[in-house]
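Sequence lines set the chain letters: A, B, ... in the order given, protein chains first and strands last, and positions in each chain run from 1. Here the structure is a predicted model, which means the values were calculated and not measured. Only this structure's heavy atoms are used, side chains among them; waters, hydrogens and symmetry mates stay out.
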Number of protein chains: 2
Amino acid sequence: MVSRMSVANSQPRRTRSGSRRDEAARLAVLHAADDLLAEHGFGALTVEAIARRAGVAKQTIYRWWPSKVEILLDTLIEDSGKRLPIPTDKPTAEGIRGYMRAFARFVTRDPAGKVLLALIAEAQHDPATAKLLHERHLGPRREQERDMLARAIDAGAISPGLGADAIDALVGAIVYRALTGSSVPYRLVDALCDDLLGARTG
Amino acid sequence: MVSRMSVANSQPRRTRSGSRRDEAARLAVLHAADDLLAEHGFGALTVEAIARRAGVAKQTIYRWWPSKVEILLDTLIEDSGKRLPIPTDKPTAEGIRGYMRAFARFVTRDPAGKVLLALIAEAQHDPATAKLLHERHLGPRREQERDMLARAIDAGAISPGLGADAIDALVGAIVYRALTGSSVPYRLVDALCDDLLGARTG
DNA sequence: TACGATAGACGCAACGTTGCGTCCAGACAA
DNA sequence: TTGTCTGGACGCAACGTTGCGTCTATCGTA
């Protein structure tokens, strides 16, 4: 969602048509979807609007993505991997609290966070979306988060009453606030971590 | 189960004559919406399908409800009021834990719980739905839940680190599990209560 | 008490609009 | 030649609206 370029206005003359997939068109579509969602909400996110905004033919979208949900999923995976990395270094209570803070920020302020909320929502309406979202994003990420917790438990940094399920409780509490339009201040995140992780975090 | 105030008791601005609103049709619509959602998901929930299922003309629906969201909201409010009452008696840790268990069951097993999840989802896509959902359901209910917690705190039955915000954390953790298709076993609810309410529940 | 007039509620059917997903023709690069 | 891109037309489904005819509960009048 960063660069505001579309294929159409990035270059006056179109030189990107050939036998290989047009990378500029791919990025333009991803960014257009991201921008439209952030600016006008999921309601305004139609394939036709994405095509218009990206300066790309509708058929180009359907050639590469089966549905607009998969477009959003692509942007989510790229963005969350980049902007919300899971700490892999020494597992401390501090580190986990930092990650949860970043997650809270991501889901309430980052446009890619809106994408996540929209996909969770869409998953309620459509089982196919639910399957994709779990397979490609929620599942793998939860796996890594549980690892993070498990390592911290092994190291004696935390001792959650819920075990590794504590991560769901933390994520869930934060996501729910975001879904209902509430803010998620750091002090709330910290209090959640204190209660659920069973650790002193200085 | 009624307590509707659509037209009948709003204002007798003119002398009433003619037929009154058909209560059977009203119930048929609410049940049809509920059934269709439970059976085929939100995706299959079209106004035309509701009309067909209810044995009612489409126009009859549009005469009384501005959108299908308001149909769902009506069923949610009636059903949650009936099947998920908020305890008003003596505020104990036990009572709160019982309520959270009932809530977990409601949101994972009761058809009306599916309605709640669908409306939370739809609220992500449409600001008007978000507003309605907050005004007519989430707001009032959260208010009562916070009261329940506050009274328990006053009575010394619990002492949550989050204060009255603990209710959001509990509800959020449970709703998130439901939204992501996970089960919410009682032992998980109990562990959440133990960690977040700061009370031994014997 | 009886009866006709009236105001709505309802069913049915058709309308124009929107977004979907598909398909095709033509242009162009490798 | 092959594969991608654009631009536009297409059929489909659901939307929300409208007009028309029927039915029925209530009111005014005799």
Query raised in the report: Checking only heavy atoms, does the side chain of Lys58(B) share a donor-acceptor pair with the base of dG16(D) at less than 3.5 Å?
Result: yes
Requested in this report: Would you classify Gly43(A) as touching base, sugar-phosphate or nothing, given that sugar-phosphate means primed atoms plus P, OP1 and OP2, and contacts are heavy atoms under 4.0 Å?
Outcome: nothing
**Report entry** side-chain N/O Arg63(A) vs dC5(D) OP1/OP2, d < 4.0 Å
**Finding:** yes
Requested in this report: Find out whether His31(B) and Arg53(B) are in side-chain contact, i.e. whether some heavy atom of one side chain is under 4.5 Å from a heavy atom of the other.
Outcome: no
Query - Heavy-atom donor-acceptor pair, Gln59(A) side-chain to dC23(C) base, under 3.5 Å - result: yes
Requested in this report: Would you mind reading off the distance between Leu36(A) atom CG and dG19(C) atom P, rounded to a whole angstrom?
Outcome: 12 Å
Query raised in the report: How long is the line joining CD1 of Ile50(A) and C1' of dC20(C), in whole Å?
Result: 12 Å
**Report entry** Gap between atoms CD1 and P, on Ile61(A) and dT22(C) respectively (whole Å)
**Finding:** 13 Å
Report task. Could you check whether Thr60(B) gets within reach of a base, just the sugar-phosphate, or nothing at all, counting any heavy atom under 4.0 Å? Result -> sugar-phosphate
Query - Set of residues satisfying salt bridge (Lys or Arg N to Asp or Glu O under 4.0 Å) with respect to Asp168(B), sequence neighbours excluded - result: Arg177(A), Arg142(B)
Requested in this report: Rounded to the nearest angstrom, tell me the gap between atom CG in Leu45(B) and atom C1' in dA14(D).
Outcome: 12 Å
Query raised in the report: What is the distance from OH of Tyr62(B) to P of dG19(D), rounded to the nearest Å?
Result: 17 Å
Query raised in the report: Can a side chain N or O of Lys68(A) be found less than 4.0 Å away from OP1 or OP2 on dG19(C)?
Result: no
Requested in this report: For the pair His125(A) and His125(B), name the ring-plane relationship: parallel under 30°, tilted 30 to 60°, perpendicular over 60°.
Outcome: perpendicular
**Report entry** Between C1' of dC28(C) and CG of Asp22(A), the distance in whole Å
**Finding:** 12 Å
**Report entry** Trp64(B) side-chain N/O to dA9(C) phosphate OP1/OP2 under 4.0 Å
**Finding:** no
Requested in this report: From the options Leu116(B), Ile120(B), Leu132(B), Leu119(B), select the one residue that forms a side chain to side chain contact (heavy atoms under 4.5 Å, CB included) with His137(B).
Outcome: Leu116(B)
Report task. Write down the distance between CD (Glu48(A)) and C1' (dC10(D)), rounded to a whole number of angstrom. Result -> 12 Å
Query - Under 4.0 angstrom between Thr46(A) side-chain N/O and dG19(C) OP1 or OP2 - result: no
**Report entry** Whole angstrom value for the distance that separates C1' of dC15(D) from CD1 of Ile71(B)
**Finding:** 13 Å
Query - Close side-chain approach of Cys193(B) and Leu170(B), heavy atoms under 4.5 Å - result: yes
